[in-house]
Amino acid sequence: MATMTLGEFDLIARYFTRTPRRAALGVGDDCALIGPLPAGQQLAVSSDMLVEGRHFLSTVAPDRLGHKALAVNLSDLAACGAEPIAFTLALAMPRVEEAFLDGFARGLFALADEHGIDLVGGDTTAGPLNICITVFGAVPGGQALLRSGARAGDALWVSGALGDARLALEVFRGTVALAGGAFDSVRRRMECPTPRVALGQALRGLATSAIDLSDGLVGDLGHVLARSGVGATVNADALPMSAALASMPRALQYECMLAGGDDYELLFSAPPTAAREVMAAAEKCGVAVARIGRVEATPGLRIVDDAGALLAQRFTAFDHFRAAP
Ligand SMILES: [Mg+2]
């Protein structure tokens, strides 16, 4: 562990140490102890890193950053249908700023409390602002939702609404303007995404494949199609969008919904015969779902409009090695 000027251990004690509710042993020893897991459950593990300038803007409030850092990780557990248990946090920051830490910890723990999970360990060091969280979840053995299960004939679904985070980014970039209230709502979607944890678990046994949308629908669906060895047709006019995005020109709507990242909605496939059950499961979780296309045996992704005509517009997935936000 590197040492920070203002005391790494004081910092951890003050901001990041709480009595664990579920983990057997939390922050403060060389290792945390999680479990034992209920019989037959598998441990689901995922890590996501947030780097300033790549994954978030310097204008974001610390509490929202704390929320988002955990939310994007919980979204990965949601995509697997896992129940979150605990997480670790590795945090590098240029200097110890108590106002930042106070806000960051508040946002982080508010979301952790919402899901009843413990921060069980991690590390802090001086360095460029960089947040890495690893989440641990539990899923009944063999029931995790995978990217590889989509079958020709399945319907494709997404949760929530798409494209708001990208629209907020375009406002920050100055390419479009939005009225105050509309901007606040899309900015909130970018900075404070809602991981669809309950929906992911409700889809176990119903969905044949799932992924969370972090880099844009076209790119993320591409992962599912590649892993499943299938193709798909998506109706761009069936994609769900917010009122704010609906007020924008059609080409921008398509770009935001198909290529915009940071939605953290679930994209999943299910047999058409399961449609009623899918809608019932979503309703129980209080999340909207929309049917957006179908899985096909023919490889490749075809994006069409309501009339069935192929869209001429090209869409590129967000790539963190190529583009800064
Ligand atoms: Mg993911």
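Nothing here was measured: the structure is a model prediction, and the numbers come from that model. In listed order, ligands and their atoms are each counted from 1. FYI, the numbering just counts along the sequence from 1.
Asp113 pairs by the side chain to side chain donor-acceptor pair (under 3.5 Å) definition with Arg18, Arg21, not counting sequence neighbours.
Of the residues Arg189, Arg166, Lys68, the one that meets the salt bridge (Lys or Arg N to Asp or Glu O under 4.0 Å) test with Asp262 is Lys68.
Using the six-membered ring where Trp is involved, Phe172 and Phe183 have ring planes that are perpendicular, over 60° apart on the 30 and 60° scheme.
Proximity of a side-chain donor or acceptor of Asp63 to a complementary backbone N or O of Arg106 within less than 3.5 Å is not detected. No donor-acceptor pair under 3.5 Å is formed between the side chain of Ser209 and the backbone N or O of Arg147.
The number of heavy-atom neighbours closer than 6.0 Å to CZ of Arg302, taken from other residues, nucleotides and ligands shown, is above 12.
Only protein N, O or S atoms were scored, and 2 of them lie under 2.8 Å from the Mg ion (ligand 1).
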